[in-house]
Amino acid sequence: MSGSFRTPSGGRIDRAAPLAFRFDGTTYGGYAGDTLASALLANGVHLLGRSFKYHRPRGLLSAGSDEPNALVEVKRDAARVTPNLRATQVELYEGLDAASQNRWPSLARDAGAVNDLFAPFLPAGFYYKTFMWPAGAWKRFYEPKIRAMAGLGKAPTLPDPDRYTQNYAHCDVLVIGAGPAGIAAALAAAATSARVILVDEQAELGGSLLAAPDATVDTKPATEWLADALAELTAAGVVLMPRTTAFGYFPHNMIALAERVTDHLAAPGPDLPRERLWQVRAGEVVLATGALERPLVFPENDRPGILLADSARIYLTRYGVKPGERAVIFTAGDSGYRTALDLAAGGVAIAAIADLRAAPEGEWPARALAAGIDVRPSTVVTGTSGRLRVNGVHLAKVKNGKAGLNEPVACDTVLMSGGWTPSVHLFSQSRGKLAWDETLGAYLPGQSVERERSAGACRGRYGLAAALADGYHAGEEAAAAALKGAKSPTRSTVASRAFGVVATETGTDGFIGATPHGRNPAFAKAFVDWQNDVTAKDITLATREGFRSIEHVKRYTTTGMATDQGKTSNMNALGIVSEALGTSVPKIGLTTFRPPFTPTTFGIFAGIARGDLFDPVRVTPIHGWAEARGAVFEPVSLWKRALYFPNRGEDMHAAVARECKAVRTGVGIFDASTLGKIEVVGADAAEFMNRIYTNAWTKLAPGRLRYGVMLREDGFVMDDGVVGRLAPDRFHVTTTTGGAARVLAHMEDYLQTEWPDLDVWLTSTTEQWAVIAVQGPKSREVLASLVEGIDLSKGAMPNMSVAEGRIAGVPTRLFRLSFAGELGFEVNVPAAHGRAVWEAIFKAGEPFGITPYGTETMHVLRAEKGYIIVGQETDGTAGPDDVNLGWAVGKNKKDFVGKRSLNRAAFFMPDRKQLVGLLTRDPKVVLEEGAQLVADPGAAVPVPMLGHVTSAYMSATLGRSIALAMVKGGRSRIGRTLHVPMPKGAIAVGVVDPVFYDAEGARLDV
Amino acid sequence: MQTFSGFNLLRRALGGHKGWQPQWRTPEPKAEYDVIIVGAGGHGLACAYYLAKEHGISNVAVIERGWLGGGNTGRNTTIVRSNYLFDESAALYEHAVKLWEGLSADLNYNVMYSARGVLMLAHNHHDVQSFKRHVHSNRLNGVDNEWLSAEECKAFCPPLNISSMRYPILGGALQRRGGTARHDAVAWGFARAADSRGVDIIQNCEVTGIRRGPSGAVEGVETSKGFIGAKKIGVSAAGHTSVVMAMAGVRMPLESFPLQALVSEPVKPAFPTVVMSNTIHAYISQSDKGEMVIGAGTDAYTSYSQRGALHITTHTLDAICELVPQFRRLRMLRNWGGIVDVTPDRSPIIAKTPVPGLYVNCGWGTGGFKATPGSGHVFAHTIARDEPHPINAPFTIERFRDGFLIDEAAAAAVAH
Amino acid sequence: MLIISCPWCGERPEIEFVYGGEAHIARPADPSALSDQEWADFLYNRTNPKGTHAERWRHIHGCGRFFNAVRDTVSDFFVATYKPGEPRPDLSQDDAK
């Protein structure tokens, strides 16, 4: 079960903990500490996937998060299926069930591979040049075919049952990357009083220290030193976060981290979230993100068994897995030699080292020669063979940039090293400027924008000794900078620490672009972007077709747009463009690095926000009563409001008819607590009201109510509501339910920024008051037995008045007003007493048949009276006169918000839409809200439209349907017939005054 | 212009694709042009194309600070629809949709216009009223848009969650002719077609000033490649309009905001249409490549930074996961930002300006891509004739002075 | 998420604030004296600069007060914040940070 390619000993896997797992239905064995990739490799499984476009067989390219090929689906149960995971990052657990993707019927025999034969006809951008004929065929025929071929894994089909949490953290120093540079930086920062967090995307902290069998630090083997260092960090209180990817660098040193909590567990407990989003605000950031090995671009460089050299070395040294039995190394620098020597020591035959360099020098080539390895300078791989696994290469000498005669060499493994690319993704995301380093052939961090510094390989300081030294220095600097602002910074008493490193460092040679091969470049497939199947000739074609900017090349060829976001491909693509255009690399530019660093689960962003936690639910103090009564609710902004209260067996229509009748003939009770409420207080309160509202407030006597209209500064109706004056310096303002916050912000804006001289205070009191509307001819009788200190008689308390006193033993602001057009009251009581007072009123009302009603009945009743609802009759394009509120505009006021705008040309147009009533010819027909009005239902399209229906109801009171509408020149059309064209025919309507019931207001005057 | 066709693709394949020529030239600017368009995005390139094709004005330069199609054209979520409420808007966007439907053939460039349908979801009573108003108005304007019940929404787009959510779906408005197109191809197709008609596309050339003569009329532009003369200048620099117009001394009713978008990793076909929810702020479609393409409204403050805040993205994905809860396990591949300029009424300006010879096309907010061919078409008319096409006549700057706003955003209004 | 320095409360995260548009556009004392064009300039026209921008913010989930800020719209970073009624600081010597 251990796998035939497992070395007898070594590596960091736990050989005492064997695990069984499945891949494409076959059961294999591995060990704790394996990744899915290393375990498959140990079993000799190299074929792990198919490429995106040509469906070419693909194996592992790397051992880390840059892997473009080995994407798999991992399934725990039907709802826990995750596509597109990199096998190199999937930790093995007992029972892991993984499957390959993008193949049919099987990975070894994939019908899609036929695309590879047609590859000559499918160059970069081929789809822009064809599939255009006949019209419509793209949508109907070609596109579905292309879509079915494209895509990688399958999207999950069941709702994700897992939890994701979101956390915030602060620290003085955040170190990203726990390789030697990051560990050293954390050690340095931990030696101060700084709060330090150290994160790494891998399961085990240590980075390259985990694969440095020959190196010693301070005379200890690297892994032993690492263990001591981690113990030291833990003891110093450093927060160590493995399995945590810093995926985004946001302004002001806000770093987003994705922590994978349970994906590596065989049986995750229900109490743990699957992932956590951390948003860390760091005083200083140390970027120790390392470097990625670059592939070489040569023909057929994509067969299974062709890996990055250092990745192969990691498989051997960290996981005890041989990538094959006989390897050819193709290298542009020392890294290939290091791999060759480690692999040779591990029992892998090294067929040859092909070195791009003419005269490899230094310790590594010397050691290879001493080990008897066939080292060939100035040599390239010009092609490979093998179907599902590489079985040989052609090597050729390069002279004057041209490849000579080919020599076949048999092998089962090809390991390539084009040098190293510093991982500057996060630095670039921070908006730091990258600088091209000609010597290293790499972009390095230049000018910083945020409070961060890079250390180690990610700024071109390669090698263990350099990384440790550079990291420690960066950590010291970062801690000092972060603590500078603190009151008593405790600086380290220890002098800058030195590390005694014994290791053979590799040089910095490398190569960018495509290597020479002497074959017809038009037909050689030398891959640049493995996953997206972009070859060197695709990039050359793009430049030939005029795509010269690297952004154009990227978009035309899709290079760098695969799920590794160009980690393996970007620099080689630049090199090829550079050669094709004869322009230096830095002049071509670089595509922008965008978050996330690696793909990041949607769930981690959404967190707990789903269902009732998606948005806060606001309910009134009376909500529970309505629920118990069986009310049907509707969402109104964040609120849940009772829509109607059905009796047993009633539908909405019947319930609303019954509720309406109760209010018109007896008494109804309605929860109006959601109304926005603002207390406007101060010596200048009336002046403030004068400026904010269209109405005049100076003469409103205390104890009186007034309906107020508020405009935006551009003259359109913004909100309305009844306002009570409680005292010369105190107004109780109400707003629409949805408008409360907006109105308060609007008022605060003017008060604070335009009229700071006014002595006014604004307080939101929406949540402080419960509002119980008691409406109907018997409302006075119901309340009479409950109120203390208030005279409810018509003389003492006429319509539109307010009195303070007590009701059911509770202090109240009692408003007499009616949105239904009846004798009615709105009882404001402290919210905590709302339910009790409601129940007291309900009890007192029972002898009168008091009936609870909901928002639908409220709407019907107000429509019968022609009262508008802002947001329903108005739509942000109506002025006050348009909705018959011209009377509420204080004509003698010199100014108020919106007044000047009403004096613009548009407001004087005779065809402005105005509020009218509509009566259908057939009284049983209820119009559809939103339906349009036309003069001539037979007119040809486009039919000239005159307006639209804003509200339409069956009125039980009137025994017929009614509607309100906004109609061009509406007032002048009263008495005429218009038509509402519906798909099944037009409905004739008479235009009438919008007040359908008790136009003279007699029912209010009782 | 080399013809693009399946036959030519085969023919060139046999020659190793060596026979393809540049899709556009890389010319040095001439001393003077009849018309200069500032900004080589989709709108500017379309305008240049139609100037040449429909008005016989081919002595045109399109001047671009960066690379063509690199602004909002290459950063948007590619949604095309025309089911707008007001007559003016419906006419403008419907004009564009009609051009979209024949665009690949017209340009000989597959812009992959895919009428997959655009479904706008209603989550409350107010949404229902508003969308039905749209549906009725659109029908009478000859624009397809139909009302679907919640169950019909689910049938049309099976991955959708319609009930177990904070704001259950009450229905939706579906425009079947709406859909998506391949954004880069639109810019490239117009660029290639304009170039072949003699238009000079001058990339990496920043306009630094607008020169005006003694009469106040424009005389040309100062650029990083020197002065280039023209009696007519059309500004089509979405995001940066205020900056360019300030060069001519014109203050605009515009503010520039970041607009973010993101894509998931590619997956096999799993989402058949475009779904938008204005109430919970998100929209989603699946690209031909398999990525879920996701966006929402703008960020909160003005910015030219081309990036947005994480908490905005987070909110967008809250909404997506509420609408399609199985996508919680999908992963974000790339997140980016564009800069959109927004007018007070959220409708564009395509108009003459107070400066003789200076024309402006701007203010598209989050919705400019869908209008690309239509906008370019009527802007070309406006420049060529020095008077607006009837379709863009209402979209003046002066509408703000006189109060004739075309307020689509307000008409969608807010819940009471 | 930006850190914004409220002149009264100090540094707080961006989500406590709302943006309030361009600063120093005072409402005219007598709007009726303005021409339609002048009124439109006040109501709608904005500088919208690429670079430093004087703008209004409100610490809505904190002290609730409005204040002004100078911010670089290219980097998004704040250069200064100051109380309403105070003049826009002269920052010609300073770089945005």
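Fair warning: this is a prediction, and the values are worked out from it, not measured in the lab. Every chain is numbered from 1, with letters handed out A, B, ... down the list of sequences.
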Open item on the list: At a 4.5 Å cut-off on heavy atoms, which part of B:His123 comes close to chain A: side chain, backbone, both, or neither?
Closed with: backbone

Task: Backbone N/O of A:Thr950 and side chain of B:Arg133: donor-acceptor pair under 3.5 Å - done: no

Task: Any donor-acceptor N or O pair under 3.5 Å, side chains B:Gln23, A:Tyr556 - done: yes

TODO: Output the option from B:Gly6, B:Ala270, B:Gly179 having the highest count of non-hydrogen pairs under 4.5 Å with chain A.
DONE: B:Gly6

Task: Non-hydrogen atoms of A:Phe547 and B:Trp24 that approach each other most closely - done: CE2-CH2, 3.5 Å

Open item on the list: Could you work out, with salt bridge (Lys or Arg N to Asp or Glu O under 4.0 Å) as the rule, every residue matching B:Glu146, not counting sequence neighbours?
Closed with: B:Arg176

Open item on the list: Between B:Asn335 and A:Pro595 (side chain of the first, backbone of the second, donor and acceptor by atom type, cut-off under 3.5 Å), is there such a pair?
Closed with: no

Task: Residue B:Ala319 versus chain A: region with a heavy atom under 4.5 Å - done: both

Task: Segment of B:Asp87 engaging chain A (4.5 angstrom heavy-atom cut-off) - done: side chain

Open item on the list: Suppose we screen for salt bridge (Lys or Arg N to Asp or Glu O under 4.0 Å). Which residues come up paired with A:Asp538, at least two apart in sequence or across chains?
Closed with: none

- [ ] Kindly give the heavy-atom pair with the smallest separation between A:Arg544 and B:Lys18, and that separation in Å.
- [x] NH1-CA, 3.4 Å

Open item on the list: Closer than 3.5 angstrom, by distance alone: can the side chain of B:Arg166 be matched with the main-chain N or O of A:Pro616 as a donor-acceptor pair?
Closed with: yes

Task: Which atom of A:Ala606 lies closest to which atom of B:Asp318, heavy atoms considered - done: CA-OD1, 3.1 Å

Task: Distance-minimising heavy-atom pair for B:Asn141 and A:Pro942 - done: OD1-CB, 3.6 Å

Open item on the list: Only pairs of heavy atoms separated by less than 4.5 Å count here; which of B:Gly66, B:Ser137, B:Ser5, B:Gly189 has the most with chain A?
Closed with: B:Ser137

Task: Contact winner vs chain A - B:Ser287, B:Gly142, B:Pro159, heavy-atom pairs under 4.5 Å - done: B:Ser287

TODO: Please flag which part of B:Leu405 lies under 4.5 Å from any non-hydrogen atom of chain A: side chain, backbone, both or neither.
DONE: side chain

- [ ] For the pair B:Asp184 and A:Arg555, find out whether any cationic side-chain nitrogen is under 4.0 Å from an anionic carboxylate oxygen.
- [x] yes

TODO: Say whether, by atom type as modelled, one donor and one acceptor occur between the side chain of B:His126 and the main chain of A:Gly871 under 3.5 angstrom.
DONE: yes

Open item on the list: Parallel, tilted or perpendicular, judged at 30° and 60°: which one describes the rings of A:Phe614 and B:Tyr167?
Closed with: perpendicular

Open item on the list: For A:Glu143 and B:Arg116: C-alpha separation, side-chain torsions, deciding distance, then whether side chain to side chain contact (heavy atoms under 4.5 Å, CB included) applies.
Closed with: CA-CA 11 Å; A:Glu143 187 186 37; B:Arg116 337 175 36 73; 3.7 Å; yes

Open item on the list: Taking side chain as everything from C-beta outward and backbone as N, CA, C, O, which of these in B:Leu170 sits under 4.5 Å from a heavy atom of chain A? Side chain, backbone, both or neither.
Closed with: neither

Open item on the list: Heavy-atom pairs under 4.5 Å with chain A: which of B:Gly15, B:Pro325, B:Gly70, B:Pro168 has the most?
Closed with: B:Pro325

Task: Minimum heavy-atom distance between A:Ala609 and B:Arg328, given as atom pair plus value - done: O-NH1, 4.1 Å

Open item on the list: Is B:Phe7 in contact with chain A via its backbone, its side chain, both, or neither, using a 4.5 Å heavy-atom distance?
Closed with: neither

Task: Segment of B:Ser305 engaging chain A (4.5 angstrom heavy-atom cut-off) - done: both

- [ ] Would you mind checking which part of B:Glu322 comes under 4.5 Å of any heavy atom in chain A, side chain (CB onward), backbone (N, CA, C, O), both or neither?
- [x] side chain

Open item on the list: Could you check whether any side-chain N or O of B:Arg307 sits under 3.5 Å from a backbone N or O of A:Arg431, counting only pairs where one atom can act as donor and the other as acceptor?
Closed with: no

Open item on the list: With chain A as the partner, which of B:Arg192, B:Arg12, B:Gln2, B:His17 has the greatest number of non-hydrogen pairs under 4.5 Å?
Closed with: B:His17

Open item on the list: Using every non-hydrogen atom in the two residues, find where B:Leu140 and A:Val941 come nearest and quote the distance to one decimal.
Closed with: O-CG1, 3.8 Å

Task: Per-residue contact mode, B:Glu291 against chain A (heavy atom under 4.5 angstrom) - done: side chain

Task: Short side-chain to backbone donor-acceptor contact, B:Asn124 and A:Val636, under 3.5 Å - done: no

Open item on the list: Can you tell me which portion of A:Val617 sits under 4.5 Å from chain B's heavy atoms? Options are side chain, backbone, both or neither.
Closed with: both

TODO: Indicate yes or no for a side-chain donor-acceptor contact from B:Lys268 to the backbone of A:Ala150 under 3.5 Å, with no hydrogens or angles considered.
DONE: yes

TODO: Say whether, by atom type as modelled, one donor and one acceptor occur between the side chain of B:Asn110 and the main chain of A:Thr130 under 3.5 angstrom.
DONE: yes

TODO: For chain A, find which of B:Arg401, B:Arg329, B:Met332, B:His136 contributes the most heavy-atom pairs closer than 4.5 angstrom.
DONE: B:Arg329

TODO: Can you tell which part of B:Tyr113 gets under 4.5 Å to a heavy atom of chain A, answering side chain, backbone, both or neither?
DONE: backbone

